[in-house]
Amino acid sequence: MKITLNPSKKQGKISKYIYGQFAEHLGRCIYEGIYVEDSDIPNVNGMRCDVVNALKELNIPVLRWPGGCFADDYHWRDGIGDKDKRPYMVNTNWGGVVENNHFGTHEFFELCEQLGTEPYICGNVGSGTVQEMRDWIEYMTFDGDSPLANERRKNGREKPWKLKFFGVGNENWGCGGGMRAEYYADEYRRYATFIRNYGDEPVYKIAGGPNEADTHWMETLMAEVRNMAAGISLHNYTYETDWNNKGSATAFDEKGWYDVMVNSIKMDKVISIHKEIMDKYDEENKVDLIVDEWGNWFNVEVGTNPGFLYQQNTMRDAVSAMLILHIFHKHCDRVKMANIAQMVNVLQAMILTEGEKMVLTPTYHVFKMMKGHMDAEKLQLDYESGNINHEGTEIPKVSVSASEKDGTITVSMCNLSLDEDEEIELNIEGGQFTTANGEFLTASYMNDCNTFDAPDTVSPKNLDVTLDGTTMKLTLPKMSAAAVTLK
(Lines give C-alpha, C1' and ligand atoms only; values in the text may rest on other atoms or scores of the structure.)
Protein backbone atom coordinates (compact mmCIF):
# COMPACT_ATOMS: atom_id res chain seq x y z
CA MET A 1 0.00 0.00 0.00
CA LYS A 2 1.43 3.38 -1.05
CA ILE A 3 0.81 6.56 0.91
CA THR A 4 1.69 10.08 -0.20
CA LEU A 5 2.17 12.69 2.52
CA ASN A 6 2.62 16.39 1.85
CA PRO A 7 3.81 18.28 4.97
CA SER A 8 3.03 21.63 3.33
CA LYS A 9 -0.68 20.84 2.97
CA LYS A 10 -2.17 21.36 6.39
CA GLN A 11 -5.84 20.70 7.11
CA GLY A 12 -6.45 22.25 10.50
CA LYS A 13 -5.39 21.70 14.09
CA ILE A 14 -6.22 18.44 15.87
CA SER A 15 -7.36 19.72 19.26
CA LYS A 16 -5.57 18.06 22.14
CA TYR A 17 -8.95 17.86 23.89
CA ILE A 18 -9.97 15.09 21.47
CA TYR A 19 -7.85 12.86 23.74
CA GLY A 20 -9.91 13.68 26.83
CA GLN A 21 -11.09 11.28 29.52
CA PHE A 22 -14.26 10.75 31.54
CA ALA A 23 -14.64 9.65 35.18
CA GLU A 24 -18.12 9.10 36.57
CA HIS A 25 -19.34 7.97 39.96
CA LEU A 26 -20.07 4.60 38.44
CA GLY A 27 -18.96 1.20 39.68
CA ARG A 28 -15.30 1.20 40.69
CA CYS A 29 -14.17 4.13 38.55
CA ILE A 30 -13.76 6.67 41.36
CA TYR A 31 -13.75 4.57 44.53
CA GLU A 32 -11.12 1.80 44.42
CA GLY A 33 -10.07 2.80 40.90
CA ILE A 34 -8.82 6.35 41.49
CA TYR A 35 -9.60 7.22 45.09
CA VAL A 36 -8.75 5.14 48.14
CA GLU A 37 -9.22 6.03 51.81
CA ASP A 38 -7.70 4.40 54.89
CA SER A 39 -5.87 2.06 52.55
CA ASP A 40 -2.45 0.45 52.40
CA ILE A 41 -2.40 1.22 48.68
CA PRO A 42 0.09 4.09 48.22
CA ASN A 43 -1.77 7.35 47.63
CA VAL A 44 -1.39 11.10 47.81
CA ASN A 45 -4.41 12.79 49.39
CA GLY A 46 -6.44 9.70 48.53
CA MET A 47 -5.40 9.47 44.85
CA ARG A 48 -3.79 6.14 43.97
CA CYS A 49 -0.15 6.73 43.08
CA ASP A 50 0.05 3.85 40.59
CA VAL A 51 -3.06 4.94 38.70
CA VAL A 52 -2.15 8.64 38.70
CA ASN A 53 1.41 7.97 37.57
CA ALA A 54 0.21 5.76 34.72
CA LEU A 55 -2.41 8.29 33.60
CA LYS A 56 0.15 11.12 33.66
CA GLU A 57 1.98 9.28 30.88
CA LEU A 58 -1.02 9.99 28.61
CA ASN A 59 -0.78 13.79 29.02
CA ILE A 60 -4.54 13.84 29.64
CA PRO A 61 -5.77 17.24 28.42
CA VAL A 62 -9.24 17.31 30.05
CA LEU A 63 -11.26 15.20 32.49
CA ARG A 64 -15.07 15.16 32.61
CA TRP A 65 -16.81 14.64 35.99
CA PRO A 66 -19.08 13.71 37.92
CA GLY A 67 -21.15 12.12 35.12
CA GLY A 68 -22.88 10.92 33.07
CA CYS A 69 -26.25 10.06 34.45
CA PHE A 70 -24.87 10.58 37.95
CA ALA A 71 -24.43 14.31 37.24
CA ASP A 72 -28.16 14.98 37.16
CA ASP A 73 -28.57 13.28 40.55
CA TYR A 74 -25.55 15.02 42.10
CA HIS A 75 -25.86 17.95 44.50
CA TRP A 76 -22.48 19.56 44.95
CA ARG A 77 -23.02 20.72 48.52
CA ASP A 78 -23.17 17.07 49.61
CA GLY A 79 -19.54 16.71 48.54
CA ILE A 80 -17.81 19.56 50.44
CA GLY A 81 -16.74 20.10 54.04
CA ASP A 82 -15.81 17.50 56.65
CA LYS A 83 -16.12 14.04 55.15
CA ASP A 84 -17.61 12.53 58.28
CA LYS A 85 -20.43 15.06 58.05
CA ARG A 86 -21.22 14.68 54.34
CA PRO A 87 -24.63 13.13 53.69
CA TYR A 88 -24.70 9.86 51.80
CA MET A 89 -27.04 8.90 48.98
CA VAL A 90 -28.06 5.87 46.96
CA ASN A 91 -26.61 5.79 43.46
CA THR A 92 -29.80 4.65 41.75
CA ASN A 93 -28.33 5.04 38.28
CA TRP A 94 -25.48 2.62 38.82
CA GLY A 95 -26.01 -0.47 40.92
CA GLY A 96 -28.01 0.96 43.81
CA VAL A 97 -24.90 1.28 45.98
CA VAL A 98 -24.34 3.85 48.70
CA GLU A 99 -22.42 6.96 47.62
CA ASN A 100 -20.75 8.57 50.65
CA ASN A 101 -19.77 11.77 48.79
CA HIS A 102 -16.21 11.57 50.07
CA PHE A 103 -15.00 12.36 46.56
CA GLY A 104 -16.40 15.79 45.83
CA THR A 105 -15.39 19.13 44.35
CA HIS A 106 -12.14 19.57 46.28
CA GLU A 107 -11.09 15.98 45.63
CA PHE A 108 -11.83 16.29 41.92
CA PHE A 109 -9.67 19.37 41.56
CA GLU A 110 -6.95 17.65 43.57
CA LEU A 111 -7.04 14.80 41.05
CA CYS A 112 -6.88 17.23 38.14
CA GLU A 113 -3.89 18.98 39.68
CA GLN A 114 -2.07 15.69 40.22
CA LEU A 115 -2.78 14.68 36.61
CA GLY A 116 -1.99 18.12 35.20
CA THR A 117 -5.31 18.15 33.36
CA GLU A 118 -8.10 20.67 32.85
CA PRO A 119 -11.42 20.01 34.63
CA TYR A 120 -14.69 19.66 32.77
CA ILE A 121 -17.61 19.65 35.18
CA CYS A 122 -21.12 18.59 34.22
CA GLY A 123 -23.86 20.35 36.19
CA ASN A 124 -27.21 19.11 37.44
CA VAL A 125 -30.21 20.20 35.37
CA GLY A 126 -32.37 17.09 35.79
CA SER A 127 -32.90 17.28 39.57
CA GLY A 128 -31.09 20.51 40.42
CA THR A 129 -31.90 24.21 40.34
CA VAL A 130 -30.54 27.25 38.58
CA GLN A 131 -29.38 28.69 41.91
CA GLU A 132 -27.57 25.47 42.80
CA MET A 133 -25.60 25.57 39.55
CA ARG A 134 -24.96 29.30 39.80
CA ASP A 135 -23.66 28.96 43.37
CA TRP A 136 -21.36 26.09 42.45
CA ILE A 137 -19.66 28.21 39.78
CA GLU A 138 -19.11 31.03 42.28
CA TYR A 139 -17.86 28.62 44.96
CA MET A 140 -15.26 27.22 42.57
CA THR A 141 -14.10 30.29 40.66
CA PHE A 142 -14.63 33.55 42.60
CA ASP A 143 -11.52 35.18 44.08
CA GLY A 144 -13.26 37.98 45.96
CA ASP A 145 -15.13 38.36 49.22
CA SER A 146 -18.43 36.50 49.16
CA PRO A 147 -20.13 33.96 51.42
CA LEU A 148 -19.54 31.19 48.85
CA ALA A 149 -15.89 32.05 48.22
CA ASN A 150 -15.29 32.26 51.95
CA GLU A 151 -16.97 28.90 52.43
CA ARG A 152 -14.49 27.44 49.94
CA ARG A 153 -11.64 28.97 51.91
CA LYS A 154 -13.04 27.54 55.13
CA ASN A 155 -13.04 24.13 53.45
CA GLY A 156 -9.34 24.39 52.69
CA ARG A 157 -8.95 26.11 49.33
CA GLU A 158 -7.81 29.73 49.48
CA LYS A 159 -7.45 30.52 45.78
CA PRO A 160 -10.22 29.77 43.28
CA TRP A 161 -9.77 26.99 40.79
CA LYS A 162 -9.60 27.61 37.08
CA LEU A 163 -12.61 26.06 35.39
CA LYS A 164 -12.81 26.37 31.64
CA PHE A 165 -15.39 23.74 30.67
CA PHE A 166 -18.88 23.41 32.15
CA GLY A 167 -21.67 21.20 30.83
CA VAL A 168 -25.29 22.22 31.40
CA GLY A 169 -26.83 18.84 32.13
CA ASN A 170 -26.23 15.39 30.67
CA GLU A 171 -28.40 13.30 28.35
CA ASN A 172 -31.40 15.41 29.20
CA TRP A 173 -33.35 13.49 26.55
CA GLY A 174 -32.94 10.40 28.79
CA CYS A 175 -31.53 9.87 32.29
CA GLY A 176 -31.07 13.63 32.70
CA GLY A 177 -34.78 14.41 32.71
CA GLY A 178 -36.61 12.73 29.83
CA MET A 179 -37.02 16.13 28.17
CA ARG A 180 -38.11 17.12 24.69
CA ALA A 181 -35.53 19.05 22.67
CA GLU A 182 -37.63 22.21 22.79
CA TYR A 183 -38.04 22.02 26.56
CA TYR A 184 -34.32 21.43 27.14
CA ALA A 185 -33.43 24.33 24.85
CA ASP A 186 -35.49 26.65 27.04
CA GLU A 187 -34.00 25.19 30.19
CA TYR A 188 -30.50 25.56 28.78
CA ARG A 189 -31.05 29.24 28.06
CA ARG A 190 -32.25 29.78 31.61
CA TYR A 191 -29.44 27.86 33.30
CA ALA A 192 -26.70 29.23 31.05
CA THR A 193 -27.77 32.80 31.80
CA PHE A 194 -26.74 32.34 35.45
CA ILE A 195 -23.36 30.71 34.80
CA ARG A 196 -21.31 33.81 35.57
CA ASN A 197 -17.73 34.52 34.62
CA TYR A 198 -15.81 35.20 37.83
CA GLY A 199 -12.32 34.58 36.48
CA ASP A 200 -10.24 36.04 33.66
CA GLU A 201 -11.32 33.37 31.18
CA PRO A 202 -15.01 33.00 30.34
CA VAL A 203 -16.65 29.68 31.13
CA TYR A 204 -16.91 27.50 28.02
CA LYS A 205 -20.54 26.39 28.19
CA ILE A 206 -21.51 23.05 26.69
CA ALA A 207 -25.13 22.29 25.89
CA GLY A 208 -26.38 18.73 26.30
CA GLY A 209 -26.61 17.51 22.73
CA PRO A 210 -28.10 14.55 20.89
CA ASN A 211 -27.87 10.83 21.28
CA GLU A 212 -26.30 9.26 18.20
CA ALA A 213 -28.15 10.41 15.04
CA ASP A 214 -30.96 12.40 16.67
CA THR A 215 -31.02 15.23 14.14
CA HIS A 216 -34.12 16.87 15.60
CA TRP A 217 -32.32 17.47 18.90
CA MET A 218 -29.33 19.03 17.15
CA GLU A 219 -31.53 21.12 14.85
CA THR A 220 -33.46 22.47 17.83
CA LEU A 221 -30.36 23.39 19.81
CA MET A 222 -28.64 25.05 16.87
CA ALA A 223 -31.77 27.07 16.18
CA GLU A 224 -32.38 28.09 19.79
CA VAL A 225 -29.14 28.20 21.82
CA ARG A 226 -26.18 28.51 19.44
CA ASN A 227 -25.47 32.09 20.55
CA MET A 228 -25.28 30.97 24.20
CA ALA A 229 -23.20 27.80 23.82
CA ALA A 230 -19.54 27.35 22.99
CA GLY A 231 -20.11 23.66 22.30
CA ILE A 232 -22.83 21.05 21.89
CA SER A 233 -22.22 17.52 23.09
CA LEU A 234 -22.76 14.27 21.23
CA HIS A 235 -22.95 10.76 22.69
CA ASN A 236 -22.25 7.81 20.42
CA TYR A 237 -21.24 4.38 21.71
CA THR A 238 -20.14 1.35 19.70
CA TYR A 239 -21.65 -2.09 20.26
CA GLU A 240 -21.11 -5.44 18.61
CA THR A 241 -24.61 -5.28 17.12
CA ASP A 242 -26.83 -2.75 18.90
CA TRP A 243 -28.02 -1.59 22.33
CA ASN A 244 -29.96 -4.80 22.90
CA ASN A 245 -27.15 -7.04 21.70
CA LYS A 246 -23.91 -5.49 22.89
CA GLY A 247 -21.89 -8.72 22.74
CA SER A 248 -19.03 -9.94 24.89
CA ALA A 249 -15.85 -7.94 25.40
CA THR A 250 -13.71 -11.07 25.05
CA ALA A 251 -15.77 -14.06 23.80
CA PHE A 252 -16.21 -12.97 20.20
CA ASP A 253 -15.47 -14.57 16.85
CA GLU A 254 -14.36 -13.16 13.49
CA LYS A 255 -17.86 -11.83 12.85
CA GLY A 256 -17.80 -10.05 16.22
CA TRP A 257 -14.47 -8.44 15.34
CA TYR A 258 -15.70 -7.03 12.04
CA ASP A 259 -19.12 -6.07 13.43
CA VAL A 260 -17.36 -3.73 15.84
CA MET A 261 -15.19 -2.27 13.06
CA VAL A 262 -18.28 -1.60 10.93
CA ASN A 263 -20.04 0.06 13.85
CA SER A 264 -16.94 2.09 14.79
CA ILE A 265 -16.89 3.61 11.31
CA LYS A 266 -20.50 4.74 11.83
CA MET A 267 -19.04 7.50 14.00
CA ASP A 268 -18.01 9.20 10.75
CA LYS A 269 -21.59 9.22 9.46
CA VAL A 270 -23.05 10.39 12.77
CA ILE A 271 -20.62 13.31 12.99
CA SER A 272 -21.20 14.19 9.34
CA ILE A 273 -24.98 14.48 9.66
CA HIS A 274 -24.66 16.71 12.73
CA LYS A 275 -21.98 18.83 11.07
CA GLU A 276 -24.33 19.43 8.17
CA ILE A 277 -26.93 20.83 10.56
CA MET A 278 -24.36 22.88 12.45
CA ASP A 279 -22.93 24.30 9.22
CA LYS A 280 -26.41 25.46 8.19
CA TYR A 281 -26.74 27.63 11.28
CA ASP A 282 -23.08 28.38 11.95
CA GLU A 283 -20.99 28.88 8.82
CA GLU A 284 -18.10 30.34 10.83
CA ASN A 285 -17.67 27.26 13.06
CA LYS A 286 -18.20 29.21 16.26
CA VAL A 287 -19.98 26.29 17.98
CA ASP A 288 -17.88 23.19 18.60
CA LEU A 289 -18.99 19.57 18.53
CA ILE A 290 -18.03 17.87 21.81
CA VAL A 291 -18.15 14.05 21.68
CA ASP A 292 -17.99 13.76 25.44
CA GLU A 293 -19.09 10.13 25.62
CA TRP A 294 -17.81 7.53 23.18
CA GLY A 295 -16.21 4.09 23.18
CA ASN A 296 -17.04 0.40 23.04
CA TRP A 297 -19.86 -0.80 25.28
CA PHE A 298 -20.16 -4.55 25.77
CA ASN A 299 -21.84 -6.83 28.30
CA VAL A 300 -20.34 -6.73 31.78
CA GLU A 301 -17.87 -9.40 32.84
CA VAL A 302 -19.55 -12.52 34.22
CA GLY A 303 -19.97 -12.39 38.00
CA THR A 304 -19.73 -8.59 38.29
CA ASN A 305 -22.44 -6.12 39.28
CA PRO A 306 -24.46 -5.33 36.10
CA GLY A 307 -24.68 -1.70 37.21
CA PHE A 308 -20.89 -1.32 37.41
CA LEU A 309 -20.29 -1.68 33.63
CA TYR A 310 -16.97 -3.46 34.16
CA GLN A 311 -15.60 -4.98 30.95
CA GLN A 312 -12.29 -6.30 29.68
CA ASN A 313 -10.35 -4.69 26.86
CA THR A 314 -8.82 -6.56 23.91
CA MET A 315 -6.91 -5.93 20.71
CA ARG A 316 -10.28 -5.28 19.10
CA ASP A 317 -10.78 -2.28 21.39
CA ALA A 318 -7.34 -0.91 20.57
CA VAL A 319 -7.90 -0.98 16.80
CA SER A 320 -11.42 0.41 17.20
CA ALA A 321 -10.13 3.28 19.37
CA MET A 322 -7.52 4.33 16.82
CA LEU A 323 -10.06 4.09 14.02
CA ILE A 324 -12.47 6.42 15.85
CA LEU A 325 -9.71 8.85 16.86
CA HIS A 326 -8.79 9.08 13.18
CA ILE A 327 -12.41 10.00 12.47
CA PHE A 328 -12.16 12.80 15.02
CA HIS A 329 -9.00 13.96 13.24
CA LYS A 330 -10.89 13.99 9.94
CA HIS A 331 -13.52 16.29 11.45
CA CYS A 332 -11.09 18.47 13.41
CA ASP A 333 -12.69 21.61 12.01
CA ARG A 334 -15.76 20.98 14.17
CA VAL A 335 -14.87 18.26 16.72
CA LYS A 336 -12.87 20.05 19.41
CA MET A 337 -13.19 17.66 22.35
CA ALA A 338 -13.93 13.99 22.96
CA ASN A 339 -14.04 12.04 26.24
CA ILE A 340 -13.75 8.27 26.09
CA ALA A 341 -15.91 6.33 28.54
CA GLN A 342 -14.36 5.74 30.99
CA MET A 343 -10.95 6.24 32.56
CA VAL A 344 -10.73 3.38 35.09
CA ASN A 345 -12.69 0.12 35.59
CA VAL A 346 -15.70 1.15 33.49
CA LEU A 347 -16.48 0.39 29.82
CA GLN A 348 -13.48 0.96 27.50
CA ALA A 349 -11.11 1.88 30.29
CA MET A 350 -7.48 2.91 30.22
CA ILE A 351 -6.77 1.04 33.45
CA LEU A 352 -8.26 -1.86 35.40
CA THR A 353 -7.66 -2.37 39.12
CA GLU A 354 -8.30 -5.12 41.63
CA GLY A 355 -7.30 -4.24 45.17
CA GLU A 356 -3.66 -3.18 45.05
CA LYS A 357 -3.22 -4.61 41.52
CA MET A 358 -3.32 -2.48 38.38
CA VAL A 359 -3.17 -3.34 34.69
CA LEU A 360 -2.91 -1.14 31.59
CA THR A 361 -5.32 -1.99 28.78
CA PRO A 362 -4.64 -2.10 25.03
CA THR A 363 -6.65 1.11 24.68
CA TYR A 364 -4.27 2.80 27.14
CA HIS A 365 -1.35 1.90 24.91
CA VAL A 366 -3.09 3.35 21.82
CA PHE A 367 -3.71 6.67 23.59
CA LYS A 368 -0.07 6.79 24.65
CA MET A 369 1.17 6.05 21.12
CA MET A 370 -0.97 8.83 19.65
CA LYS A 371 0.11 11.68 21.96
CA GLY A 372 2.02 13.34 19.13
CA HIS A 373 -1.25 14.29 17.43
CA MET A 374 -2.33 16.57 20.28
CA ASP A 375 -2.59 20.17 19.04
CA ALA A 376 -0.73 19.19 15.88
CA GLU A 377 -1.62 20.28 12.35
CA LYS A 378 -3.40 17.58 10.39
CA LEU A 379 -1.56 16.76 7.17
CA GLN A 380 -2.98 15.73 3.83
CA LEU A 381 -2.60 12.02 3.08
CA ASP A 382 -3.40 10.27 -0.18
CA TYR A 383 -3.76 6.50 -0.16
CA GLU A 384 -5.99 3.62 -1.12
CA SER A 385 -5.92 0.79 1.36
CA GLY A 386 -8.35 -1.54 -0.31
CA ASN A 387 -11.49 -2.72 1.44
CA ILE A 388 -12.74 -5.63 3.49
CA ASN A 389 -16.22 -6.83 2.62
CA HIS A 390 -18.09 -7.82 5.76
CA GLU A 391 -21.59 -9.13 5.09
CA GLY A 392 -22.07 -6.70 2.23
CA THR A 393 -20.50 -3.69 3.97
CA GLU A 394 -17.17 -2.33 2.75
CA ILE A 395 -14.71 -1.16 5.38
CA PRO A 396 -11.14 0.05 4.82
CA LYS A 397 -8.42 -2.48 5.46
CA VAL A 398 -6.10 0.20 6.84
CA SER A 399 -6.77 3.60 8.44
CA VAL A 400 -4.00 6.23 8.52
CA SER A 401 -3.69 9.75 9.95
CA ALA A 402 -0.74 12.16 10.03
CA SER A 403 0.03 15.44 11.75
CA GLU A 404 2.94 17.82 12.35
CA LYS A 405 3.99 19.79 15.41
CA ASP A 406 7.28 21.54 16.08
CA GLY A 407 8.94 19.89 13.11
CA THR A 408 7.97 16.35 14.11
CA ILE A 409 5.51 14.33 12.06
CA THR A 410 3.36 11.67 13.71
CA VAL A 411 1.81 8.98 11.52
CA SER A 412 -0.64 6.56 13.16
CA MET A 413 -2.12 3.58 11.35
CA CYS A 414 -4.20 0.52 12.14
CA ASN A 415 -4.77 -2.69 10.21
CA LEU A 416 -8.34 -3.93 10.55
CA SER A 417 -7.64 -7.25 8.82
CA LEU A 418 -7.52 -10.45 10.85
CA ASP A 419 -5.67 -12.30 8.07
CA GLU A 420 -3.22 -10.12 6.18
CA ASP A 421 -0.21 -7.97 7.02
CA GLU A 422 0.14 -4.81 4.96
CA GLU A 423 3.35 -3.58 3.33
CA ILE A 424 3.43 0.20 3.75
CA GLU A 425 5.43 2.59 1.57
CA LEU A 426 5.05 6.23 2.61
CA ASN A 427 6.44 8.87 0.26
CA ILE A 428 7.02 12.34 1.70
CA GLU A 429 6.76 15.22 -0.74
CA GLY A 430 8.86 18.32 -0.28
CA GLY A 431 10.83 17.27 2.78
CA GLN A 432 13.84 15.27 3.96
CA PHE A 433 13.71 13.32 7.21
CA THR A 434 16.67 11.69 8.92
CA THR A 435 15.07 9.65 11.69
CA ALA A 436 12.00 7.44 11.98
CA ASN A 437 10.96 5.69 15.16
CA GLY A 438 7.90 3.53 15.54
CA GLU A 439 6.08 1.15 17.81
CA PHE A 440 3.13 -1.12 17.27
CA LEU A 441 0.55 -3.02 19.23
CA THR A 442 -0.71 -6.43 18.19
CA ALA A 443 -1.63 -9.78 19.71
CA SER A 444 -1.41 -13.47 18.95
CA TYR A 445 -5.19 -13.76 19.05
CA MET A 446 -7.92 -11.19 18.45
CA ASN A 447 -9.40 -11.88 21.91
CA ASP A 448 -6.12 -11.29 23.77
CA CYS A 449 -6.30 -8.92 26.72
CA ASN A 450 -4.15 -7.89 29.67
CA THR A 451 -5.00 -9.53 32.99
CA PHE A 452 -3.66 -9.15 36.50
CA ASP A 453 -1.84 -12.45 36.07
CA ALA A 454 -0.56 -11.59 32.58
CA PRO A 455 -0.43 -7.78 32.34
CA ASP A 456 1.78 -7.57 29.23
CA THR A 457 -0.03 -9.91 26.84
CA VAL A 458 -0.87 -6.92 24.63
CA SER A 459 1.92 -4.39 24.94
CA PRO A 460 3.82 -2.11 22.54
CA LYS A 461 6.86 -3.35 20.64
CA ASN A 462 9.39 -1.54 18.48
CA LEU A 463 8.38 -1.28 14.84
CA ASP A 464 10.99 -1.98 12.19
CA VAL A 465 11.00 1.13 10.00
CA THR A 466 13.35 1.96 7.14
CA LEU A 467 13.80 5.54 5.99
CA ASP A 468 15.53 6.64 2.83
CA GLY A 469 15.26 10.40 2.65
CA THR A 470 11.70 10.83 1.45
CA THR A 471 10.52 7.21 1.56
CA MET A 472 9.54 5.22 4.63
CA LYS A 473 8.78 1.51 4.55
CA LEU A 474 7.36 -0.83 7.16
CA THR A 475 5.19 -3.91 7.60
CA LEU A 476 1.93 -3.27 9.43
CA PRO A 477 0.91 -6.60 11.00
CA LYS A 478 -2.65 -7.90 10.84
CA MET A 479 -4.97 -6.67 13.65
CA SER A 480 -2.51 -4.03 14.80
CA ALA A 481 -2.18 -0.36 15.66
CA ALA A 482 1.05 1.55 15.13
CA ALA A 483 2.56 5.03 15.38
CA VAL A 484 5.72 6.43 13.76
CA THR A 485 7.47 9.72 14.43
CA LEU A 486 9.52 11.37 11.68
CA LYS A 487 12.13 14.04 12.26
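What you see below is based on every heavy atom in this structure, not just the backbone, and it leaves out hydrogens, waters and symmetry mates.
Contacts of Y383 classified as ring pair (Phe, Tyr, Trp, His ring centres under 6.0 Å), with partners at least two apart in sequence or in another chain: none. Residues forming a ring pair (Phe, Tyr, Trp, His ring centres under 6.0 Å) with Y310 (at least two apart in sequence, or on another chain): none. Partners of N53 by side chain to side chain donor-acceptor pair (under 3.5 Å), not counting sequence neighbours: none found. Residues that satisfy the ring pair (Phe, Tyr, Trp, His ring centres under 6.0 Å) test with Y191, not counting sequence neighbours, are absent from this structure. With sequence neighbours left out, the salt bridge (charged side-chain N to carboxylate O under 4.0 Å, His left out) criterion links E422 to K397. With sequence neighbours left out, the side chain to side chain donor-acceptor pair (under 3.5 Å) criterion links N450 to no other residue. Residues that satisfy the ring pair (Phe, Tyr, Trp, His ring centres under 6.0 Å) test with F70, not counting sequence neighbours, are H25, Y74. Partners of D214 under the side-chain contact (heavy atoms from CB on, under 4.5 Å) rule, at least two apart in sequence or in another chain, are P210, H216, W217. R157 meets the salt bridge (charged side-chain N to carboxylate O under 4.0 Å, His left out) test with E113; sequence neighbours excluded. Residues meeting the salt bridge (charged side-chain N to carboxylate O under 4.0 Å, His left out) test with K280, sequence neighbours left out: E219.
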**Study point:** Check against side chain to side chain contact (heavy atoms under 4.5 Å, CB included), N285 and D279
**Key:** CA-CA 7 Å; N285 277 16; D279 290 346; 3.9 Å; yes

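Residues D282 and R334 are paired through a salt bridge, judged by an N-O separation under 4.0 Å between the basic side chain and the carboxylate. Ion pair R64/E293 flagged as a salt bridge, since at least one NZ, NE, NH1 or NH2 atom sits closer than 4.0 Å to an Asp/Glu carboxylate oxygen.
The disulfide bond (SG atoms under 2.5 Å apart) analysis of residues 372-403, with sequence neighbours excluded, yields no pairs.
Ring geometry for Y184 against Y188 counts as tilted: the plane angle lies between 30° and 60°, on a 0 to 90° scale. The aromatic rings of H329 and Y19 sit tilted relative to each other, their planes meeting at an angle between 30° and 60°.
Judged purely by distance below 3.5 Å, without hydrogens or angles, the side chains of S320 and S264 pair a donor atom with an acceptor atom. Residues N389 and E394 bring a donor and an acceptor atom of their side chains to less than 3.5 Å of each other.
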Residues 338-347, side-chain donor-acceptor partners within the protein, below 3.5 Å, at least two apart:
from : atom 1 : to   : atom 2 : distance (Å)
N339 : ND2    : Q21  : O      : 3.1
Q342 : OE1    : E24  : N      : 3.2
Q342 : NE2    : E24  : OE1    : 3.1
N345 : OD1    : T353 : N      : 2.8
N345 : ND2    : R28  : O      : 3.0
N345 : ND2    : T353 : OG1    : 2.8

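Atom NZ of K405 is separated from atom CD1 of I14 by 10.0 Å, given to the nearest 0.5 angstrom. In this structure, OG1 on T129 lies 8.0 Å from CG on N124, to the nearest 0.5 angstrom. For the atom pair OG1 (T215) and CD (E276), the distance works out to 10.0 Å, reported to the nearest 0.5 Å.
Residues F108 and P119 share a closest heavy-atom pair of CE2-CB, 3.4 Å.
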